[in-house]
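Have a look at the structure below before the remarks.
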Amino acid sequence: HYTNSQIERTHHELTKVGDSRSEPTGQQKALLELVKRFLTNPIVERLDNVQEVTDQTHEDVSKQREEFTRDVKAVQKTSVDTNIKLRQLSSEHSRELSDRPRKS
């Protein structure tokens, strides 16, 4: 069991900030290593994983967009071709009807 004064002294040693030229104490180094190992590194690993998933998703969406664009263009071409054919057939039928002898 730790006394309040021991806890306060340890807290002070871990959190005291010296000038920029002083080296961290052994306890500070140990604490930094624990923070790095159990907090920072897992976050970095998770962010790397999220970045990979995001990159893959972006790639997949780009491929789907390209496929969708090709499909839309194909449907537009089919529509235009069908419309042209329909006009041709309509014109041919109109001509055939006009060439038929009429009943009097």
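Keep in mind that this is a model prediction, so the values were computed, not measured. Computed from heavy atoms alone, side chains included, the values below leave out hydrogens, waters and symmetry copies.
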- Taking S91 for the side chain and R87 for the main chain, is one N or O donor matched with an acceptor at less than 3.5 Å? no
- Message: I'd like to know if the side chain of S90 and the backbone of L86 have a donor-acceptor N/O pair within less than 3.5 Å.
- Response: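 It does not hold such a pair.
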- Query: Does the side chain of T69 reach to within under 4.5 Å of the side chain of R65, using non-hydrogen atoms?
  - Reply: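 T69 reaches R65 side chain to side chain.
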- Message: Is any side-chain heavy atom of Q88 closer than 4.5 Å to one of I84?
- Response: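 Yes. Closest side-chain heavy atoms under 4.5 Å.
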- Message: Starting from I43, can I reach L32 by hopping between I/L/V/M/F/W/Y residues whose side chains sit under 4.5 Å apart?
- Response: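 No, L32 does not connect to I43 through the hydrophobic network.
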- Does S5 have any side chain to side chain donor-acceptor pair (under 3.5 Å) partners at least two apart in sequence or in another chain, and if so, which?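 Only T3 meet the side chain to side chain donor-acceptor pair (under 3.5 Å) criterion with S5.
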- Among V50, N49, D55, find the residue that satisfies the side chain to side chain contact (heavy atoms under 4.5 Å, CB included) test when tested with V53.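 So, applying the side chain to side chain contact (heavy atoms under 4.5 Å, CB included) to V53 and each of V50, N49, D55, only N49 qualifies.
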- Test salt bridge (charged side-chain N to carboxylate O under 4.0 Å, His left out), reference K63, set E59, E66, E67, output is E59
- Is there a donor-acceptor contact under 3.5 Å linking the side chains of D60 and Q56? yes
- Given side-chain contact (heavy atoms from CB on, under 4.5 Å), test H93 with L89 step by step and report yes or no. CA-CA 6 Å; H93 285 269; L89 288 173; 4.2 Å; yes
- Note: K29-E33 ion pair, threshold 4.0 Å (strictly below): no
- Message: If the threshold is 4.0 Å, N to carboxylate O, is there a salt bridge linking D81 and K77?
- Response: yes
